[in-house]
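Since the structure is predicted, the reported quantities are computational estimates derived from the model, not experimental observations. Proteins get letters first, then strands, A, B, ... in listed order; numbering begins at 1 in each.
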2 protein chains.
Amino acid sequence: MRQLRRGTSAQASRFSLDSSAAIESHLDRIHVGDSIPILAGMPPASVDVVFADPPYNLQLEGALKRPDESVVDAVDDDWDKFASFEAYDAFTRAWLLAAKRVMKPTATLWVIGSYHNIFRVGAALQDLGFWILNDVVWRKTNPMPNFRGTRFQNAHETLIWAARDKSAKGYTFNYEALKAGNEDTQVRSDWTIPLCTGAERLKDAHGRKLHPTQKPEALLARVLLSSSKPGDVVLDPFFGSGTTGAVAKRLGRRFVGIERDAGYAAAAEARIDAVTPLPEASLAPFATKRDAPRVAFSALIERGLLQPGATLTDKDGDCEVLVRADGTVEFGKVVGSIHRIGALVQGAEACNGWTFWHYADGGRLRAIDHLRAIVRQELAA
Amino acid sequence: MRQLRRGTSAQASRFSLDSSAAIESHLDRIHVGDSIPILAGMPPASVDVVFADPPYNLQLEGALKRPDESVVDAVDDDWDKFASFEAYDAFTRAWLLAAKRVMKPTATLWVIGSYHNIFRVGAALQDLGFWILNDVVWRKTNPMPNFRGTRFQNAHETLIWAARDKSAKGYTFNYEALKAGNEDTQVRSDWTIPLCTGAERLKDAHGRKLHPTQKPEALLARVLLSSSKPGDVVLDPFFGSGTTGAVAKRLGRRFVGIERDAGYAAAAEARIDAVTPLPEASLAPFATKRDAPRVAFSALIERGLLQPGATLTDKDGDCEVLVRADGTVEFGKVVGSIHRIGALVQGAEACNGWTFWHYADGGRLRAIDHLRAIVRQELAA
DNA sequence: GTGAACGGTGAATCGGATG
DNA sequence: CCATCCGATTCACCGTTCA
């Protein structure tokens with residue numbers, strides 16, 4: 001890869017009216033600087049896909065500790081600080097407009113975010129005339145827990161996929177290939193992918209994570225395989241640790257990276273240099289079926305397989321518990337999960353409530369595991 | 001159920017300053033009319049939870065056909081037509097403000113939507129000072145396919161859960177019950193639930209679906225079980241086919257329904273009349289650790305479970321403190337609460353002394369939390 | 001060599017009562 | 001408004017150490 005470019009390159013568009021030639025000098029490079037002036041220096045209508053991972057505008061206050069007193073290493077970088085929603089909205093509109101100018105009429109744009117910012121981004125997209133094609137949910141297999149027990153575990157992020165205009169036709173969506181790689185069924189709008197951890201996660205000299213929000217390559221692979229073709233130009237205006245560039249190179253796409261922080265840009269360059277492009281034929285199908293889905297006891301109630309107020313017993317019909325509406329069971333005055341209460345009545349430390357507790361099915365007792373199997377079949381179907 | 005009410009009831013707030021009494025006349029009824037004037041006639045700060053399924057502002061043009069040329073029976077009601085994003089935003093802000101007024105300070109609000117409208121709703125929520133607690137993804141097990149093969153299968157909808165203000169404290173979140181009903185793990189922000197089909201789906205006289213966007217009862221059950229208590233007042237300003245009311249009644253909550261379409265309201269009323277509430281025992285909130293009575297460390301000494309002059313240690317028996325008669329402990333020359341001294345010896349900022357400190361029980365070490373449990377049992381008896 | 005046990009950690013708007 | 005205090009709270013995965 002060639003050297004990093006510094007500053008803008010406003011002269012590029014002066015030299016050529018042919019965008020496809022003028023863009024060439026920008027390709028497969030990381031431009032160090034702010035996105036908006038650098039985008040302004042690029043030829044118009046020259047990129048095929050935009051992937052953007054903008055600051056989320058998290059509004060964190062004190063430090064958060066785990067129950068074991070260790071400190072959560074949260075995002076506290078300056079780039080994530082905005083004075084107000086208005087300031088964040090102005091920033092969002094500015095980069096979206098700059099990105100829109102360099103998009104080909106057939107180009108599409110992806111943005112990723114969380115509930116802190118994604119609603120503002122989505123509304124701005126619509127206000128600026130982008131046409132939303134899908135929102136896509138990245139379900140994390142291994143999200144961070146909620147340590148205080150005050151909310152639901154924040155287990156997903158949201159991507160928005162949008163065309164440049166309502167009337168834009170001819171955008172790339174590799175429908176058949178995606179379907180073929182997904183057990184011959186359409187790819188859904190929710191994707192189950194692990195966080196970026198282990199060897200994939202870039203580390204600094206002290207072994208700490210280099211970038212606070214490095215995205216998994218599997219996520220970018222799905223994005224690029226679904227909405228771009230080999231040879232297409234992929235723009236990432238918030239390049240960070242360079243996941244977009246690494247995946248683009250591996251999948252035979254060209255990229256334009258823009259990153260404000262020279263340290264991140266340098267790390268990304270080294271990372272991308274180490275990537276070997278895949279042979280064209282070997283682009284692996286990416287969608288895999290997950291193993292047997294975990295079924296909550298409350299799902300049996302939600303689906304009407306058990307009624308609140310019903311009675312469960314052990315296999316001999318001796319001790320009885322009451323099924324409650326919230327998916328707990330009650331024994332005497334004690335309420336808890338099927339597992340905890342099963343352990344309690346046996347005086348054991350642990351118990352598999354699925355096999356311990358039985359319900360009356362006609363004249364006989366049947367383990368509630370049977371009902372779980374029914375739900376699993378539905379989920380698999 | 002009593003008769004449907006027509007029109008607003010602006011007089012209610014004139015008769016009483018006590019919201020809990022003034023709201024009584026509004027409960028367990030469907031008010032036929034527009035949400036905003038009807039909400040304006042309700043007493044302020046009188047509801048515990050709001051669930052809203054507003055029009056989605058779908059921008060469908062022309063009929064959608066399946067590959068076999070059959071027509072998809074999509075949403076084409078007048079209530080879903082808005083001239084522009086601006087009109088939709090104004091509508092959204094108006095009903096959100098009207099709902100905010102009737103919410104208690106501790107109330108929370110749920111809104112469900114799709115990518116057509118949810119970004120606008122989320123941004124409006126933030127602009128109006130609501131504080132987003134989670135966004136929750138409803139993953140449909142059986143979504144409609146994308147017939148054209150031009151996008152990902154739209155397999156989810158998004159719910160936003162928000163408190164009335166950033167500083168609102170004390171909202172209901174039944175953390176422990178949810179966890180106990182979910183294999184003893186935290187409930188995530190993505191919920192897998194089937195569409196409303198089969199017998200649950202209301203039909204009109206011709207056997208066609210009565211309402212285009214009837215939500216599954218399982219979804220509402222999860223919403224109400226997580227964020228409300230029995231007896232709480234649940235407001236639904238877009239009542240539609242009455243799923244919120246049916247589930248509220250079944251789960252022992254009160255409801256206020258508002259619906260513009262008299263036909264939907266009548267169907268909802270009949271539906272709710274047919275619901276039998278669950279037995280109270282299957283609903284009663286159970287005592288969690290959080291609301292167990294507070295026990296002072298000194299109570300252990302007062303009850304003779306620990307003697308002044310006794311020694312406590314950490315779980316490994318390493319560092320020792322002396323129990324004093326006043327309920328403090330002494331480490332070297334430092335005296336303080338079990339929590340302070342526990343933090344001190346670990347060099348931590350905070351410490352739960354109940355689980356940190358141990359006493360000798362026969363040959364083994366046991367946490368003093370065990371003694372607290374004994375006191376609590378005495379208090380409960 | 002193998003497996004159990006243990007430690008570390010990830011985009012986090014993460015408490016409530018009292019004075 | 002702020003300071004102080006009590007005390008409640010974590011899931012999945014990866015890498016290392018130890019038996």
Side-chain angles (χ1 to χ4, degrees), chain A residues 53-77 79-82 85 88 112-119 138-158 194-201 203 207-209 211-216 238 240 294, chain B residues 106 125-126 130-135 161-163 165-171 173 175-176 179 182-189 288-292 294-297 327 336-340 342-343 349-356 368-369 372:
Chain A
D53 183 7
Y56 283 15
N57 191 25
L58 300 180
Q59 287 154 49
L60 306 175
E61 285 170 3
L64 177 66
K65 290 188 175 176
R66 297 188 168 82
D68 66 3
E69 288 283 305
S70 66
V71 175
V72 174
D73 182 15
V75 174
D76 62 349
D77 303 68
W79 49 253
D80 199 44
K81 305 244 183 291
F82 291 86
F85 285 132
Y88 188 78
I112 184 167
S114 66
Y115 66 85
H116 312 85
N117 72 322
I118 198 66
F119 303 117
W138 168 27
R139 302 180 64 220
K140 303 176 184 181
T141 57
N142 48 351
M144 194 184 304
N146 179 298
F147 296 113
R148 294 284 162 110
T150 53
R151 305 179 176 191
F152 298 98
Q153 182 184 31
N154 194 5
H156 74 276
E157 294 188 24
T158 301
L195 289 170
C196 178
T197 57
E200 188 186 323
R201 188 92 197 211
K203 302 295 195 310
R208 291 174 307 212
K209 62 186 175 193
H211 192 281
T213 69
Q214 185 179 339
K215 295 292 174 289
F238 306 98
R294 192 165 186 161
Chain B
T106 56
L125 275 170
Q126 292 179 314
F130 287 89
W131 193 245
I132 298 179
L133 298 168
N134 280 113
D135 58 338
W161 183 42
D165 312 282
K166 178 175 180 178
S167 59
K169 303 291 177 200
Y171 61 86
F173 180 56
Y175 176 74
E176 297 197 50
K179 186 174 167 176
N182 187 46
E183 298 287 288
D184 289 322
T185 60
Q186 296 186 334
V187 173
R188 295 167 48 109
S189 57
T288 65
K289 284 179 203 161
R290 281 204 161 93
D291 38 43
R294 282 200 172 194
V295 174
F297 179 63
S337 72
I338 50 171
H339 311 294
R340 269 292 131 231
E349 295 223 348
C351 165
N352 181 347
W354 292 109
T355 53
F356 181 75
I368 56 174
D369 208 24
R372 179 168 67 162

Picking from [options], which would you name as closest to the side chain of [X]?
{"X": "A:Leu195", "options": "D:dC6, C:dA11, C:dG15", "value": "C:dA11"}
{"X": "A:Thr213", "options": "C:dA12, C:dA11, C:dG10", "value": "C:dA11"}
{"X": "A:Arg151", "options": "C:dA11, C:dC14, D:dT9", "value": "C:dC14"}
{"X": "A:Ala74", "options": "D:dT9, D:dC5, C:dA12", "value": "C:dA12"}
{"X": "B:Lys179", "options": "D:dC11, D:dA8, D:dC5", "value": "D:dC11"}
{"X": "A:Arg66", "options": "C:dA11, C:dT9, D:dA8", "value": "C:dT9"}

Does a distance-only test, which skips hydrogens and angles, find a donor-acceptor pair under 3.5 Å between the side chain of A:Asn117 and the base of C:dA11?
no
Could you check B:Phe130 against B:Trp161 for ring-ring contact (aromatic ring centres under 6.0 Å, His included), going step by step and ending with a plain yes or no?
CA-CA 10 Å; B:Phe130 287 89; B:Trp161 183 42; over 10 Å; no
Just checking, any donor-acceptor pair under 3.5 angstrom between side chains of A:His116 and A:Ser114?
yes
What I want to check is whether the side chains of B:Asp165 and B:Ser167 have a donor and an acceptor closer together than 3.5 Å.
no
Could you tell me the Watson-Crick or G-U partner of D:dA8, where both distances fall under 3.5 Å? Say none if there is no partner.
none
Complementary nucleotide of C:dG8, counting Watson-Crick and G-U pairs under 3.5 Å
D:dC13
Note: for A:Thr197 and A:Gln153 on DNA chain D, the residue whose nearest nucleotide lies more 5' is A:Gln153
Does A:Pro145 or B:Asp369 map to a spot on DNA chain D nearer the 5' end, using the closest nucleotide for each?
B:Asp369
